[in-house]
There are 2 protein chains.
Amino acid sequence: MSTTTRILGIDPGLRITGFGIIDKTGQKLAYVTSGCIRSNEKDSLPLRLKTLLDGISEVIAAHQPDEAAIEKVFVNVNPQSTLLLGQARGAAIAALVLAGLPVAEYTALQIKQAVVGHGKAAKEQVSHMVTRLLQLPGEPSADAADALACAICHAHGGQLGSMATQGYRVKNGRLV
Amino acid sequence: MSTTTRILGIDPGLRITGFGIIDKTGQKLAYVTSGCIRSNEKDSLPLRLKTLLDGISEVIAAHQPDEAAIEKVFVNVNPQSTLLLGQARGAAIAALVLAGLPVAEYTALQIKQAVVGHGKAAKEQVSHMVTRLLQLPGEPSADAADALACAICHAHGGQLGSMATQGYRVKNGRLV
């Protein structure tokens, strides 16, 4: 008998934050849920961050994940956008740590390596592999797919990526 | 009889977040408390944000402010610093909105105008005026002084600054 670990992946953004939850039992991954939290651009920043916080807290309350993984964000060409993204990510992490979840961080490179097998994968390839690995009936929205990919990266211990670059290949989420 | 409004001012930062609380009764301002929350640079970002969150939550629980004011931050020459500061500010706002506090935002310019009377005031002038306006026995630490200045700016309705630039002068917190 294997225990099941429920993982919440987050793709942070001020306008749209994607979330995705998977169950890991041994090496098996199962889709639980995914979606997006959208903030209203007409609201003040504190209100928008509250929407984000409340949304993540609701997802946690409804699905009781054991661990969380969040995508590391990078500096944007536009410093103002970097600042806004940073604030959204700070609020998202706040929601996770307030719920007592351990929070792991992965770069987009690590996530792509873990899910697609190489770090230069296009967004569509990530979405496609997420759909295959979790046997979804259809492709999730872009933000939900990125969040699920982050959860999958964490389920693989964030290690598959570095192994994949050492001559291994990933097929259906397994090293071949 | 005037009602008293308790205002929590926050000067956000990842390494050090300053806080300052004042009571406003009519036009009278009274110092309540101030201090700093420091995160451990050796901790992971999620843990550092948790330190910040927990610290602000404790201050709120202990002193029960009615309203909050937080300094707007600006993009740094170093984009990575901008990102870190953004995340700290996002977590700080999260702590405020979670406590149900209305959150007002003021730029450094607005704060300096409200406290010193012009936007080009040096940090030492701000600290000096905060000490005088609140009749403190000694100057607070730089981060606490900035947080108290932010609270004072909010107490003045964020309006004093713009009036001060229209030919008024600020003396002991009053227009003269």
Side-chain angles (χ1 to χ4, degrees), chain A residues 8 10 12-14 17 37 39 43-58 60-61 67-107 150 154 158, chain B residues 8 10 12-14 17 37 39 43-58 60-61 67-107 150 154 158:
Chain A
L8 167 60
I10 297 281
L14 182 60
T17 284
I37 301 157
S39 75
D43 283 346
S44 68
L45 180 73
L47 265 185
R48 294 182 74 179
L49 296 182
K50 185 170 194 305
T51 302
L52 177 49
L53 262 172
D54 289 347
I56 294 177
S57 298
E58 275 176 38
I60 294 171
E67 297 172 6
I70 187 164
E71 191 166 332
K72 274 193 182 168
V73 294
F74 280 94
V75 296
N76 198 291
V77 281
N78 178 343
Q80 197 57 37
S81 302
T82 301
L83 190 57
L84 289 175
L85 179 56
Q87 292 177 91
R89 190 172 190 267
I93 292 177
L96 301 174
V97 297
L98 279 170
L101 297 177
V103 181
E105 304 180 277
Y106 300 101
T107 63
C150 187
H154 183 66
Chain B
L8 166 60
I10 296 282
L14 183 58
T17 285
I37 301 157
S39 74
D43 283 346
S44 68
L45 180 72
L47 266 183
R48 295 182 74 180
L49 296 183
K50 187 170 193 307
T51 303
L52 176 50
L53 261 171
D54 290 347
I56 294 177
S57 298
E58 274 175 39
I60 293 172
E67 297 172 6
I70 187 165
E71 191 166 332
K72 275 194 182 168
V73 294
F74 279 95
V75 296
N76 199 289
V77 281
N78 178 345
Q80 196 57 39
S81 302
T82 300
L83 190 56
L84 289 175
L85 178 56
Q87 291 176 91
R89 189 171 192 270
I93 291 176
L96 301 174
V97 296
L98 279 169
L101 296 178
V103 180
E105 304 179 276
Y106 300 100
T107 63
C150 188
H154 183 66

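Numbers restart at 1 for each chain; the letters A, B, ... are given by sequence-line order, proteins then strands.
Rounded to the nearest 0.5 Å, atoms CG (A/Leu52) and CD1 (B/Ile93) are 11.5 Å apart. Atoms CZ and CG, on B/Arg89 and A/Leu49 in that order, are 8.5 Å from each other to the nearest 0.5 Å.
What you find for B/Val97 and A/Lys50 is that their closest heavy atoms are O-CE, 3.7 Å.
Both the backbone and the side chain of A/Leu83 come within less than 4.5 Å of a heavy atom in chain B.
The choice from A/Ala92, A/Ser44, A/Gly90 that makes the most heavy-atom pairs within less than 4.5 Å of chain B is A/Gly90. When the candidates A/Ala91, A/Ala94, A/Pro46, A/Pro79 are compared by the number of heavy-atom contacts under 4.5 Å with chain B, A/Pro46 comes out ahead. The greatest number of non-hydrogen atom pairs below 4.5 Å with chain B, out of A/Leu98, A/Leu47, A/Leu84, is found for A/Leu98.
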